[in-house]
Amino acid sequence: MSWETASFLILGAVLLGGFVWYERSRPPSQVVALVAALAALAVAGRVAFAALPNVVATTDIVVFAGFALGPAPGFAVGALGGLVSNFWLGQGPWTPWQMAGWGMCGIFGAALALGGRNVGRLTLAAACGFAGIAYGALLNFSLMATYGGDLSLERFLALESRAVPFDAAHAIGNVALALLAGPAMVRMLIRFRERFEWRTPAVVTGLLLTLVLAAAVPAGAQASDTGRAALWLQSVQNPDGGWGSSPDRDSSADITSWAMLGLEAAGRNPLDVRRRGRSPVGFLRAKVSELTSSGDFARTILALKGAGVDPRSFGGRNLVAALAKRRRDNGSYEGWPSSTAFAVIALRSAGAKGGLDRSLSWLARAQNGNGGWGDVPGSPSTADGTGAAMQAMPGSKVARRGLAYLRKAQRPGGGYMLGGSGGVNSQSTAWAVQGMLAVGADPAKIRAGGKSALAHLAARQAKDGHYTYSASSDQTPVWVTGQALAATAGKPFPISTVPRKPQASPPPAFAAPPSTSGSSSTPGSPSLPEVPKRSLSEGGAGSTGGTPGNRGSSGLPPAAGGAAPPPGGLGGGGQEGEEPLPVERAPAPASARSAGDARPGPSPWAPLGIGLATGGLALGGVLFLGRRYGW
């Protein structure tokens with residue numbers, strides 16, 4: 001039995017014990033009704049705030065329920081709230097952890113009442129803030145328990161550090177809500193508990209109405225889930241390590257680079273993402289000779305930098321020098337603003353400085369009077385080109401004028417069109433979001449028709465995690481998802497290098513010399529489990545947001561009838577400076593394998609003992625306090 005399985009068994013026992021405890025407490029019918037109503041309110045408090053990254057009212061409601069009604073009802077409110085809310089937000093292996101986390105928040109609220117039920121507003125707010133941090137720590141641990149890998153304090157602290165912005169948002173939201181409504185809600189619940197009768201039917205009506213409104217919240221108001229999107233990308237990776245534009249298509253260097261950028265934005269290093277032992281970096285290395293355009297080089301440089309791979313020595317080519325050589329005398333690349341912007345971003349990320357000022361000056365002169373950029377200088381502004389240019393010159397007055405254009409160009413529903421007459425689509429919307437982020441604007445606050453661009457992208461996320469091109473089309477889902485991920489993860493280009501997962505060293509007795517072939521690893525090499533990064537914000541930089549079939553590097557400027565190239569064009573590349581990959585083990589004799597060579601991972605007994613001890617202390621401590629204080 002693996003320690004991941006053991007942890008889920010412990011988790012199931014804790015949840016089962018909590019519900020049995022609640023049932024054995026024989027609550028009166030009035031309390032049962034109030035628990036159901038509060039659970040509904042907890043669901044509404046999560047779904048209604050889904051568009052705000054990690055801001056939920058659920059934690060406060062559960063703490064208040066435990067404080068006023070006791071630990072068993074508080075646990076039931078939290079566990080039910082986590083379970084039912086995921087019918088809107090998506091069920092998965094995270095659900096039982098969320099149920100347990102919010103259930104423990106209910107018990108924590110009951111423990112807070114031991115010092116008396118007349119606590120002040122600031123005390124309630126501090127308790128709710130602490131509950132948010134503790135809940136986040138449990139969910140961070142759940143990533144290790146669910147997806148395997150190294151079980152160590154260092155890895156847990158690394159997960160904690162990456163989750164600081166999200167846990168901080170959770171805690172700050174809890175404190176703000178508690179300061180606003182905490183004392184009033186606690187007084188109401190305590191009065192009801194003391195009387196055990198409905199004095200004001202309007203309370204019940206209001207709570208039930210809240211649940212109805214929560215059920216009516218459209219999908220567009222829900223937050224996108226970058227973790228699910230990244231897992232979907234990994235699930236459709238081809239055996240050669242790359243990706244095609246759709247799961248049924250052969251791998252190509254251009255789509256592989258976009259998928260890498262999306263994974264990097266979601267916190268995954270592509271060197272750790274393998275299928276049959278092959279990584280996308282190895283696939284790009286095998287295709288490096290196919291790179292020809294400015295977009296090819298720029299996009300590949302960005303993908304490699306995010307993986308921590310040196311683009312100056314990759315497959316026998318210096319991609320940075322190759323891109324710099326394509327700069328025209330006037331500073332532009334291909335004479336197109338989007339290609340010029342993408343090249344500037346890539347060169348700057350690689351530390352190249354020569355000639356950038358000339359390119360930025362050309363880009364500033366190509367800006368239209370309305371603040372945007374078109375496919376070619378003087379053509380109508382587009383969200384795609386504008387978003388790319390804003391990322392090339394973040395913080396400048398020129399880029400701030402681009403933000404003014406994006407505000408005016410946003411369509412009802414929050415999305416953006418391809419050009420001036422194309423349909424609203426996820427890829428154009430993703431470019432606009434990244435442009436906003438580059439100049440420090442909050443995409444969630446820029447709205448049209450009451451909807452933000454992030455809400456539009458969230459509405460385009462399918463149940464399996466991938467993003468659709470538009471409301472009516474699901475073409476090239478890999479491409480679209482790779483682009484959308486960077487926007488929903490809140491990452492403008494360039495994306496910082498993503499740390500790799502700890503690599504296990506194979507026993508020397510079975511080590512073979514590393515392969516020097518073009519692929520990143522041999523087909524028999526073991527793939528490593530991936531740990532998704534929790535992100536409640538709501539992907540990627542893509543090509544121009546038009547019909548993907550018309551988006552490639554056609555070689556013709558838009559005015560000549562060719563489709564405008566995406567800011568990154570199409571193409572790929574690999575990296576010779578990539579970190580050493582796991583080497584293939586020579587097969588051991590059958591007797592050796594059966595005797596002790598099977599090593600699936602860490603022993604389950606240490607976490608099993610820790611989990612049992614923790615669960616026993618939690619439940620035993622609550623039962624003791626219950627008997628002591630008459631809960």
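In what follows, every heavy atom counts, from backbone to side chain, and hydrogens, waters and symmetry copies are set aside.
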> Is it true that R500 and D272 have a side-chain N and a carboxylate O under 4.0 angstrom from each other?
Replying inline: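 Salt bridge flag = yes for D272 with R500.
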Hey, could you give me the [atom1]/[atom2] distance between [X] and [Y], rounded to the nearest 0.5 Å?
X    : Y    : atom1 : atom2 : answer
T95  : M99  : OG1   : CE    : 8.0 Å
E334 : S339 : CD    : OG    : 5.5 Å
L437 : L454 : CG    : CG    : 7.5 Å
Y467 : S426 : OH    : OG    : 9.0 Å
M417 : D384 : CE    : CG    : 11.0 Å
S257 : F283 : OG    : CZ    : 9.0 Å

[X] side chain to [Y] backbone, donor-acceptor under 3.5 Å:
X    : Y    : value
N269 : L271 : yes
T497 : K305 : yes
E264 : P270 : no
R447 : Q410 : no
Q434 : K491 : yes
T256 : A253 : no
T468 : R460 : yes
W243 : L233 : yes
T300 : F297 : no
S379 : D375 : yes

> What residues form a side-chain hydrogen bond (donor to acceptor under 3.5 Å, both in side chains) with T59, not counting sequence neighbours?
Replying inline: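 Scan of T59 (side-chain hydrogen bond (donor to acceptor under 3.5 Å, both in side chains), adjacent residues dropped) gives W102, H170.
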I'd like to check [X] versus [Y] (side-chain heavy atoms, cut-off strictly below 4.5 Å). Are they in contact?
X    : Y    : answer
V288 : L319 : yes
E160 : D167 : yes
P477 : W232 : yes
M436 : L403 : yes
T382 : L418 : no
H466 : D474 : yes
F342 : Q391 : no
R268 : V498 : no

>> One pair to check against side-chain contact (heavy atoms from CB on, under 4.5 Å): Y416 and H456. What are the steps and the verdict?
In response: CA-CA 9 Å; Y416 287 84; H456 175 85; over 6 Å; no
Can you give me the closest heavy-atom contact between [X] and [Y], atom names plus distance?
X    : Y    : answer
V281 : A307 : CG2-CB, 4.4 Å
L406 : A432 : CD1-O, 3.7 Å
A346 : A298 : CB-O, 3.5 Å
S349 : I301 : OG-CG2, 4.1 Å
R278 : Q237 : O-NE2, 3.8 Å
T226 : A266 : O-CB, 4.3 Å

>> Assess the residue pair L139 and Q98 against the criterion (side-chain contact (heavy atoms from CB on, under 4.5 Å)); give the C-alpha distance rounded to whole Å, side-chain angles, the decisive distance to 0.1 Å, and a yes or no.
In response: CA-CA 7 Å; L139 266 292; Q98 292 172 337; 4.0 Å; yes
>> Could you check whether atom CZ of R348 has more than 12 heavy atoms from other residues, nucleotides or ligands sitting under 6.0 Å from it?
In response: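 For R348, atom CZ is crowded (more than 12 foreign heavy atoms under 6.0 Å).
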>> Quick check on D250: does its CG atom have over 12 non-hydrogen neighbours (other residues, nucleotides or ligands) under 6.0 Å away?
In response: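 No.
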> Step by step, would you call S470 with N425 a side chain to side chain donor-acceptor pair (under 3.5 Å)?
Replying inline: CA-CA 5 Å; S470 67; N425 66 88; over 6 Å; no
> Step by step, would you call Y333 with L323 a side-chain contact (heavy atoms from CB on, under 4.5 Å)?
Replying inline: CA-CA 9 Å; Y333 288 81; L323 176 58; 3.9 Å; yes
> So W97 and N140, side-chain contact (heavy atoms from CB on, under 4.5 Å) or not? Walk me through it.
Replying inline: CA-CA 10 Å; W97 291 98; N140 291 331; over 6 Å; no
